[in-house]
Amino acid sequence: MYDNFRFKQPIYVTKPILPALKDVNQKLKAIWQSKWLTNHGNMHNELEQKLQAVLKVRNVSVFNNGTIALLTALKALELPVGSEVITTPLTFPATVHCISWNGLQPVFCDTEPESMTIDPERIEELINANTSAILGVHVYGFPCGVEKVQSIADKFDLKVIYDAAHAFSTEINGKGIGTYGDISMFSFHATKLYHTVEGGCLSYKDDQYIDKLYYLRNFGIKNEEQVVDIGINGKMNELQAAIGLLNLELFEQEKQNRRMIKSLYVQNLRELDGVTIPRMPPNVTDSMQYFVIRIDKENFGLSRDELYEDLKKYNVFTRKYFYPLCSEYEPYKALASSATENLTVANRIQSEVLCLPLYGTLGTESAQRICDIIKLIRETRLCLSLEREKLRNF
Ligand code: T4K
């Protein structure tokens, strides 16, 4: 380890944007004066309005977090209990848990090697009379093959839900990503490009879901005397909405700052043998949520796990999102669709992916140092194995 390269403070995979405290105080004052803290307050409603424009979608319903939003989306679609939902194993646990919490059965589909999202070519073979929906994830902000997925769904009369937790403000040919499928979920967790501390939203084009989601989000209450559905408490409160309104002013600049860091990473790392940088298609605007690289041990000289561990010694805490695959989790590993031979592409991806730190205040100097450390780790390891080889042959 080269001590002079080590960061004094830990560098994590992300850091949230934060509005100026004076601006937060002003919003808090308004909340304090109104004494309206939650249950569809003014800031909540204003945020829903504003998000429609930012996400370029017809309808938005905000929630207290992305998981509850996704749970509610699946409930709103009224999929038959016990029916099967085809999804990707390369995601955060919340995606798959939401299927199970709704009394539905997850069926894992392999992923595409390039976009790392659910592979439309492998979906049809998983469809049977009990299949009710496809749940795709725009993982790391890479869009699923939305057109192909929709044509399969149309052919078999299936619903389509997208987990767009990583795809805030992503567009395909200038179209908001939340316009695809029946319902999409965006997460506004503190670790996201855009956040409300905790929070999330659903976007959808069909107006029939406006009331349905409104009731489901609020215990199923329609009015003081009528409870019309089996709802949950999914309401976003006014403090979350206040932060959300302020962060709407900041996220574009944050994206710009991240873009600079990302292009520095690309310039430095693309020539390294064994490092692949998945590329966003040219017609897609990048959400800048993550910077993911793939490490091929054979050519890089050390594995993703070894690099991950070595980086820690330099105080750089990368993340192996999304290892292990959801299909390897305790509740899902016995499913037929979890068999390794059905998920060969996803299994390879999970062993190679590494998310490097990506947030505006990281700055290009620190990003450069991270690249230098990666090169240093690799060279040191390569020299060591060369030395060992020499000794063995001596
Ligand atoms: N679907 C997908 C595909 C998702 O990725 C997620 C969430 C969801 C659904 C569910 O949405 P939500 O219900 O969360 O809205 C984090 C987030 O907690 C989670 O929201 C996110 N995905 C997931 C990918 O990442 P962890 O367990 O990695 O978080 P944690 O606490 O290790 O934080 C990561 C790093 O972020 C820390 O090392 C430092 C930094 N950090 C974190 C927090 C919480 C901060 O700087 N400040 C903070 O306040 O899950």
Side-chain angles (χ1 to χ4, degrees), residues 7 9-19 51 61-74 85 87-102 106 111 115-118 135-144 161-168 170 177-178 181 183-203 217 232-237 240 243-244 247 254 258 287 289-292 308 311-312 315-326 329 346 349-350 353-362:
F7 285 93
Q9 300 295 327
I11 303 287
Y12 296 114
V13 73
T14 190
K15 236 185 215 176
I17 49 169
L18 286 171
L51 282 168
S61 303
V62 294
F63 282 78
N64 49 8
N65 65 60
T67 305
I68 295 288
L70 187 57
L71 203 65
T72 310
L74 285 158
V85 178
T87 193
T88 169
L90 189 75
T91 184
F92 193 63
T95 315
V96 187
H97 291 344
C98 284
I99 297 174
S100 294
W101 270 57
N102 269 285
T111 52
S115 71
M116 300 172 284
T117 58
I118 191 164
L135 200 179
V137 179
H138 305 307
V139 73
Y140 316 116
F142 287 87
C144 297
I161 310 103
Y162 284 115
D163 180 333
H166 307 162
F168 186 82
T170 291
I177 199 156
I183 307 184
S184 294
M185 180 280 283
F186 296 85
S187 164
F188 302 156
H189 183 263
T191 53
K192 300 295 182 288
L193 166 84
Y194 167 79
H195 74 88
T196 58
V197 183
E198 290 267 4
C201 82
L202 296 178
S203 70
R217 184 176 61 185
I232 201 164
N233 183 356
K235 290 168 279 112
M236 176 183 277
N237 67 50
Q240 289 173 288
I243 300 292
N247 280 345
E254 171 68 10
R258 288 183 183 203
S287 66
Q289 175 59 49
Y290 290 112
F291 181 74
V292 61
Y308 165 84
L311 279 166
K312 280 196 213 168
N315 237 347
V316 179
F317 296 88
T318 57
R319 291 300 286 262
K320 302 185 222 175
Y321 295 135
F322 289 97
Y323 162 86
L325 295 177
C326 292
Y329 297 166
I349 295 171
Q350 65 143 0
V353 279
L354 194 65
C355 289
L356 300 188
L358 182 66
Y359 51 91
T361 53
L362 176 69

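In listed order, ligands and their atoms are each counted from 1. By convention here, the first residue in the shown sequence is residue 1.
- In terms of the side-chain hydrogen bond (donor to acceptor under 3.5 Å, both in side chains) criterion, residue partners of N233 (sequence neighbours excluded) are, by chain and number, K235.
- Two residues are said to be in side-chain contact when any heavy atoms from C-beta on lie closer than 4.5 Å; Y12 and Y359 fail this criterion.
- Only side-chain heavy atoms of D163 come within less than 4.0 Å of ligand 1; its backbone N, CA, C and O stay farther off.
- In terms of N/O distances under 3.5 Å, ligand 1 is not approached by V13.
- Considering only non-hydrogen atoms, atom 18 (O) of ligand 1 lies nearest to H189 out of H166, H189, H138, K15.
- Between the side chain of Q289 and the main chain of T191, a donor-acceptor pair closer than 3.5 Å is present.
- In this structure, P16 has a heavy atom closer than 4.0 Å to ligand 1.
- Checking only distances, K192 does come within under 3.5 Å of ligand 1, N or O to N or O.
- Although no hydrogens or angles enter the test, the distance criterion places no donor-acceptor pair under 3.5 Å between the side chain of T72 and the main chain of R217.
- Looking only at heavy atoms of the protein, atom 49 (O) of ligand 1 is closest to A190 CB, 3.9 Å.
- Contacts with ligand 1 closer than 4.0 Å are made by side-chain heavy atoms of Y290 only, the backbone lying farther away.
- Annotation: atom 4 (C) of ligand 1 to nearest protein heavy atom, F92 CB, 3.4 Å.
- Which parts of ligand 1 touch Y12 is read off a 4.0 Å heavy-atom cut-off, strictly below it: atoms 38 (O), 39 (C).
- Taking atom 42 (C) of ligand 1 as the reference point, the nearest protein heavy-atom neighbour is T191 CG2, 3.7 Å.
- Put simply, atom 31 (O) of ligand 1 has no protein non-hydrogen atoms near it, under 4.0 Å away.
- Closest to atom 34 (C) of ligand 1, if we only count protein heavy atoms, is R319 NH1, 3.6 Å.
- Nearest protein heavy-atom contact of atom 40 (C) of ligand 1 is T14 O, 3.4 Å.
- F322 and H166 have parallel rings, their planes meeting at less than 30° on a 0 to 90° scale where 60° marks the start of perpendicular.
- Using modelled atom types, one side-chain atom of E254 and one backbone atom of G360 make a donor-acceptor pair closer than 3.5 Å.
- Panel note: side chain H195, backbone H189; no donor-acceptor pair is recorded below 3.5 Å.
- Between the side chain of Y321 and the main chain of V139, no donor-acceptor pair closer than 3.5 Å is present.
- Ligand 1 places these atoms under 4.0 Å from at least one heavy atom of A94: 8 (C), 9 (C), 10 (C).
- On a distance-only criterion, T91 and ligand 1 share no N/O pair closer than 3.5 Å.
- In the candidate list S187, C355, G199, S187 is nearest to atom 12 (P) of ligand 1, counting heavy atoms.
- In this structure, H97 and Y329 have tilted ring planes: the angle between them lies in the 30° to 60° band.
- Considering backbone and side-chain atoms together, E198 places no N or O closer than 3.5 Å to any N or O of ligand 1.
- Closest approach of L70 to L202, counting heavy atoms only: N-CD2, 4.3 Å.
- Pairs of residues two or more places apart, or lying in two chains, never qualify as salt bridge (charged side-chain N to carboxylate O under 4.0 Å, His left out) while including a residue from residues 185-201.
- Inclusion of Y321 in the set of residues having an N or O under 3.5 Å from an N or O of ligand 1 is warranted.
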